[in-house]
Engineer: 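Next up is a structure, given as structure tokens.
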Amino acid sequence: MKLLYLLGYPVAHSLSPAMQNAALRALGLGYEYRLMPVPPTELAAKVEEMRDISVAGFNVTIPHKVAIIPHLDELDETASSVGAVNTVVNMGGRLRGYNTDSVASTRVLLEAYGPLGGCRAVILGAGGAARAVACGLAPHAESITILARDAVKAEMLAQQIRRQKGCEIQGGGLADAAKAINNADLLVNATPIGMHPGVDATPIEAKLIKRGLLVFDLVYNPEKTRLLGDAEAAGARTVGGLRMLVYQGAEAFNLWTGRQAPVELMIGAASAALGGAHA
Ligand code: NAP
């Protein structure tokens, strides 16, 4: 039996065990995915335990996605450019970090939007998820605008990505949302606004959403956020965060097991676990 873990704090409400164990069982693989709550003071010691031969790898979530980097032996190119790790593979005691959030967001967008050349994107939020989405979009999109309540933070993130990727990207405050969204084809919510239990909240006014926009909300709890409801009512296309959650997990599954993850089955398991979380 090989073990897989989720290291984070807190982790109790994660959907990852449900979707990963369903996939591992479906393929008849001798692995088990377990939760491991790790307070920041214990991170270094727990990462050392992950080098054990019984551990195939692990996921990393809030608040450790950046803090874990100095404890790893190597990073793949995406993790290195995003500056955050959400998946680690144990290669005989050496730990290699990956960022499958970025790959997952790009996969969602390629499926929902189509080819991204010419796409003008607005990303709300300037945290880790915004950075992962922007790094994935950078090689494809015509322009990216990052807007956050802290305009300086958004501008700094845009500047870093511009230097790294050489793309057309700018930052600003949420007050610039009306103009930016009016000129956009894609709107991404990478803030936690609208997440359970604050389900009545939305990051932008409904009147700013127009027909023809694709609205991608990274929030997956609830599956249909108020932002997505407003977007549907305005005739915009929508995609929720559950698919990205599953795609990042599926990519991790491929890395750990060398097998192709059963994605649709994982979506069903994650969605059922989310329903159970509200019951
Ligand atoms: P983060 O690093 O904490 O960044 C959150 C961003 O949202 C920051 O810019 C923050 O601003 C802003 N923000 C937070 N509360 C706000 C509010 N009330 N009004 C305006 N702005 C606010 O978090 P993250 O890791 O990027 O995650 C963001 C969201 O994406 C979370 O809901 C997370 O669950 C979701 N997510 C989903 C997936 C998926 O697979 N679907 C993957 C990753 C993340 P400040 O910096 O000023 O606080």
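It should be emphasised that the depicted structure is a prediction, and the values quoted were computed from it without experimental measurement. As the structure lists them, so they are numbered: ligands from 1, and atoms in each ligand from 1.
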Engineer: Which of the listed options, P192, G127, S105, G240, holds the heavy atom that is closest to atom 7 (O) of ligand 1?
Structural biologist: P192
Engineer: Indicate yes or no for a side-chain donor-acceptor contact from D230 to the backbone of I209 under 3.5 Å, with no hydrogens or angles considered.
Structural biologist: no
Engineer: Closer than 4.0 Å to some heavy atom of G128 - which atoms of ligand 1 meet that?
Structural biologist: 2 (O), 26 (O)
Engineer: Strictly distance-based, threshold 3.5 Å: is any side-chain N or O of S105 a donor or acceptor partner for the main-chain N or O of S102?
Structural biologist: yes
Engineer: Verify the contact flag for atom 3 (O) of ligand 1, where contact means a protein heavy atom under 4.0 Å away.
Structural biologist: no
Engineer: Let's go through Y31 and N21 carefully: what are the C-alpha distance in whole Å and the side-chain angles of both, what is the deciding distance for side-chain hydrogen bond (donor to acceptor under 3.5 Å, both in side chains) to 0.1 Å, and is it a yes or a no?
Structural biologist: CA-CA 8 Å; Y31 293 72; N21 285 322; over 6 Å; no
Engineer: Tell me, which protein residue and heavy-atom name are nearest atom 9 (O) of ligand 1, and how many Å apart are they?
Structural biologist: A126 N, 2.8 Å
Engineer: Determine whether L157 and R131 make a side-chain contact, defined as any pair of heavy atoms from C-beta on separated by less than 4.5 Å.
Structural biologist: yes
Engineer: Could you identify the single nearest non-hydrogen protein atom to atom 37 (C) of ligand 1 and state the distance to 0.1 Å?
Structural biologist: L218 O, 3.3 Å
Engineer: Of all the atoms in ligand 1, which lie at a distance below 4.0 Å from a heavy atom belonging to G241?
Structural biologist: 39 (C), 41 (N)
Engineer: Got the closest protein heavy atom to atom 17 (C) of ligand 1, with its distance?
Structural biologist: R149 NH1, 3.2 Å
Engineer: Quick check on contacts: which atoms of ligand 1 are under 4.0 angstrom from a heavy atom of Y220?
Structural biologist: 41 (N)
Engineer: If I compare all heavy atoms of M244 with all of D101, which pair ends up nearest, and what's the gap?
Structural biologist: CE-O, 3.6 Å
Engineer: With side-chain contact (heavy atoms from CB on, under 4.5 Å) as the test, would you mind laying out the steps for E142 and E168 before giving the verdict?
Structural biologist: CA-CA 7 Å; E142 180 178 310; E168 180 63 46; over 6 Å; no
Engineer: What is the closest protein heavy atom to atom 34 (O) of ligand 1, and at what distance does it sit?
Structural biologist: M195 SD, 4.2 Å
Engineer: Can you tell which part of K153 has a heavy atom less than 4.0 Å from ligand 1: side chain, backbone, both or neither?
Structural biologist: side chain
Engineer: Using the rule that two of Ile, Leu, Val, Met, Phe, Trp, Tyr join whenever any of their side-chain heavy atoms come within less than 4.5 Å, decide whether M19 and V239 are in one cluster.
Structural biologist: yes
Engineer: Which atoms of ligand 1 sit under 4.0 Å from any heavy atom of T191?
Structural biologist: 7 (O), 29 (C), 32 (O)
Engineer: Where is the nearest protein heavy atom to atom 28 (C) of ligand 1: which residue, which atom, and how far?
Structural biologist: A190 O, 3.4 Å
Engineer: Please check: side-chain N/O of D73 versus main-chain N/O of R96, any donor-acceptor pairing under 3.5 Å?
Structural biologist: no
Engineer: Under 4.0 Å from atom 23 (O) of ligand 1, is there any protein heavy atom?
Structural biologist: no
Engineer: Taking the minimum heavy-atom distance to atom 39 (C) of ligand 1, which of Q248, H196, M244 ranks first?
Structural biologist: M244
Engineer: Sort out for me which residue in N189, L242, T238 forms a side chain to side chain contact (heavy atoms under 4.5 Å, CB included) with D217.
Structural biologist: N189
Engineer: Say you draw a straight line from OH of Y5 to CD of Q20; how long is it, rounded to the nearest 0.5 Å?
Structural biologist: 14.5 Å
Engineer: Can you tell me how far CD1 of I267 sits from CD of E223, rounded to the nearest 0.5 angstrom?
Structural biologist: 9.5 Å
Engineer: Please state which protein non-hydrogen atom is closest to atom 19 (N) of ligand 1 and give its distance, to 0.1 Å?
Structural biologist: I193 CD1, 3.2 Å
Engineer: Considering non-hydrogen atoms of the protein only, which is the closest contact for atom 26 (O) of ligand 1, and what is the distance?
Structural biologist: A129 N, 2.7 Å
Engineer: Going by distance only, is there an N or O of L245 that falls short of 3.5 Å from an N or O of ligand 1?
Structural biologist: yes
Engineer: What atoms in ligand 1 come closer than 4.0 Å to a heavy atom of G125?
Structural biologist: 9 (O)
